[in-house]
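Okay, so here's the structure we're looking at.
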Amino acid sequence: MVERGFIIKRKGSYAQVRIERNSACGSCGRCGMTENQKHVDFYVENTLDAQVDDVVEINIPEANTAKLAFVAYIIPLIPALVLLFVSISLKWQEWLSVLLFFVGLAAGYAVVALIDILRKRKWASSPTLISVVNIKKEINKIEGESINEQNK
């Protein structure tokens, strides 16, 4: 998905790009914007040496939602269910089985947090900077098109 935004900050070789909500914005969640947000910020490698206030186009890759859902929901359940079934098969008391389920769930979330740290919080491909948009050129193009339509 290609989106247009503007650079609000530069830090080293990265730029912070802000994308405002537009009328075509749906609820696909690809950009991470919720329905209540007015904008979302991305950090992209500034390969085009764009400056603050430049309008840019960035490519936001589609996240593999199945992989993300598996990591977030299934991995924590695995140790929880293993401990629950082991305690049930050993005919331990019910309260101990429930307690072990929650201990396993906490351990599962700890594993997900560890994986998140090891992956450096990069679960999906990062957005990339495509181009710096020349606004004056586009305004002239739009004005030219409207003049051509009036002359018809």
Side-chain angles (χ1 to χ4, degrees), residues 1-139 141:
M1 171 172 75
V2 175
E3 286 291 331
R4 187 173 285 188
F6 59 95
I7 297 194
I8 59 173
K9 189 164 117 180
R10 287 180 55 164
K11 186 172 184 180
S13 64
Y14 286 86
Q16 184 176 355
V17 179
R18 177 162 291 170
I19 296 175
E20 302 284 338
R21 178 177 287 283
N22 59 47
S23 60
C25 195
S27 59
C28 69
R30 209 181 280 180
C31 67
M33 192 182 313
T34 63
E35 291 181 22
N36 298 329
Q37 286 180 300
K38 304 264 190 253
H39 67 270
V40 66
D41 294 344
F42 290 98
Y43 289 92
V44 297
E45 189 172 358
N46 192 359
T47 55
L48 302 175
D49 195 35
Q51 303 300 315
V52 172
D53 292 332
D54 279 353
V55 176
V56 295
E57 287 184 336
I58 64 171
N59 181 33
I60 304 169
E62 189 171 333
N64 185 345
T65 53
K67 177 176 76 171
L68 297 176
F70 177 79
V71 170
Y73 299 115
I74 304 302
I75 287 180
L77 279 177
I78 292 171
L81 291 174
V82 166
L83 288 177
L84 177 69
F85 291 134
V86 165
S87 65
I88 289 173
S89 67
L90 295 174
K91 298 184 186 212
W92 290 350
Q93 295 180 4
E94 289 176 7
W95 66 268
L96 186 57
S97 297
V98 171
L99 179 66
L100 285 175
F101 175 81
F102 285 110
V103 167
L105 196 60
Y109 279 115
V111 167
V112 169
L114 181 63
I115 292 170
D116 189 41
I117 290 169
L118 293 175
R119 291 187 58 111
K120 298 179 182 173
R121 302 196 185 329
K122 293 183 181 178
W123 290 98
S125 300
S126 299
T128 54
L129 195 58
I130 297 173
S131 66
V132 178
V133 179
N134 186 338
I135 294 296
K136 289 181 184 177
K137 185 186 251 184
E138 289 204 6
I139 290 173
K141 180 181 175 186

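Counting begins at 1 with the first residue of the sequence. Since the model is a prediction, treat every value here as computed from it, not as a measurement.
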Of all heavy-atom pairs between [X] and [Y], which one has the smallest distance, and what is that distance?
| X | Y | value |
| --- | --- | --- |
| L48 | I130 | CD1-O, 3.4 Å |
| A50 | V56 | CB-CG1, 4.0 Å |
| F6 | I8 | CE1-CG2, 3.2 Å |
| N46 | D49 | OD1-N, 3.1 Å |
| I7 | Q51 | CB-O, 3.5 Å |

Working note: E45 + T128, criterion side-chain contact (heavy atoms from CB on, under 4.5 Å); need CA distance, chi angles, decisive distance, verdict.
CA-CA 7 Å; E45 189 172 358; T128 54; over 6 Å; no
Would you say V52 and R10 make side-chain contact, with heavy atoms under 4.5 Å?
yes
Do the non-hydrogen side-chain atoms of F42 and I60 ever get within less than 4.5 Å of each other?
yes
Among all residues two or more places apart in sequence or in another chain, which pass the side chain to side chain contact (heavy atoms under 4.5 Å, CB included) test with Y109?
P76, L105
What distance separates [X] [atom1] from [Y] [atom2], expressed to the nearest 0.5 Å?
| X | Y | atom1 | atom2 | answer |
| --- | --- | --- | --- | --- |
| E57 | L129 | CD | CG | 9.5 Å |
| H39 | E20 | NE2 | CD | 6.5 Å |
| F70 | L77 | CZ | CG | 10.0 Å |

Take D41 and I19, measure what side-chain contact (heavy atoms from CB on, under 4.5 Å) needs, and give me the verdict at the end.
CA-CA 6 Å; D41 294 344; I19 296 175; over 6 Å; no
For residues 92-104, please give each side-chain donor-acceptor pair under 3.5 Å, one per line with the distance, not counting sequence neighbours.
residue: Q93; atom: OE1; partner: W95; partner atom: NE1; Å: 2.2
residue: S97; atom: OG; partner: S87; partner atom: OG; Å: 2.9
residue: S97; atom: OG; partner: Q93; partner atom: O; Å: 3.4

Working for side-chain contact (heavy atoms from CB on, under 4.5 Å), residues K38 and V40
CA-CA 7 Å; K38 304 264 190 253; V40 66; over 6 Å; no
Y43-Q16 side chain donor-acceptor pair, cut-off 3.5 Å:
yes
Test log, rule side-chain contact (heavy atoms from CB on, under 4.5 Å), inputs I75 and V111
CA-CA 8 Å; I75 287 180; V111 167; 4.3 Å; yes
